[in-house]
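Here the structure comes first, spelled out in structure tokens, and everything after it is commentary.
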Amino acid sequence: METKDSYSAPTAAATTYRLNGITYLPHYQRPVYVAPGHIEKKSREYTTHELLLAGAVVVREFLWTGGPLRGALDIGKGR
């Protein structure tokens, strides 16, 4: 039986962007980036180009790979 102390969620390196202290994460299904707490139809989505033009810095982060996030972390997509 796994315990809280012995279990580690699977993670993978992903490209994220940091702008004004906010880390923008890859969307689960679309090739865009969103702020933490993203709510469909209420939160702004950003393309890589928009974030870079605004002065965002590329940061490699280790993100949880569970569920639908697996497709978003495919680093070969050029995001």
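In this structure Ala54 satisfies the side chain to side chain contact (heavy atoms under 4.5 Å, CB included) test together with Leu19, sequence neighbours excluded.
A continuous path of Ile, Leu, Val, Met, Phe, Trp and Tyr side chains, each step under 4.5 Å between heavy atoms, connects Tyr46 with Val58, placing both in one hydrophobic cluster.
The residue from Leu51, Val34, Thr48 that alone fulfils the side-chain contact (heavy atoms from CB on, under 4.5 Å) condition with Tyr24 is Leu51.
Within the 4.5 Å cutoff, the side chain of Val59 has no heavy atoms near those of the Tyr17 side chain.
For Glu45 against Glu50, the heavy-atom pair with the smallest separation is O-OE1, 3.9 Å.
Between the side chains of Thr16 and Arg60, not a single donor N or O lies within less than 3.5 Å of an accepting N or O.
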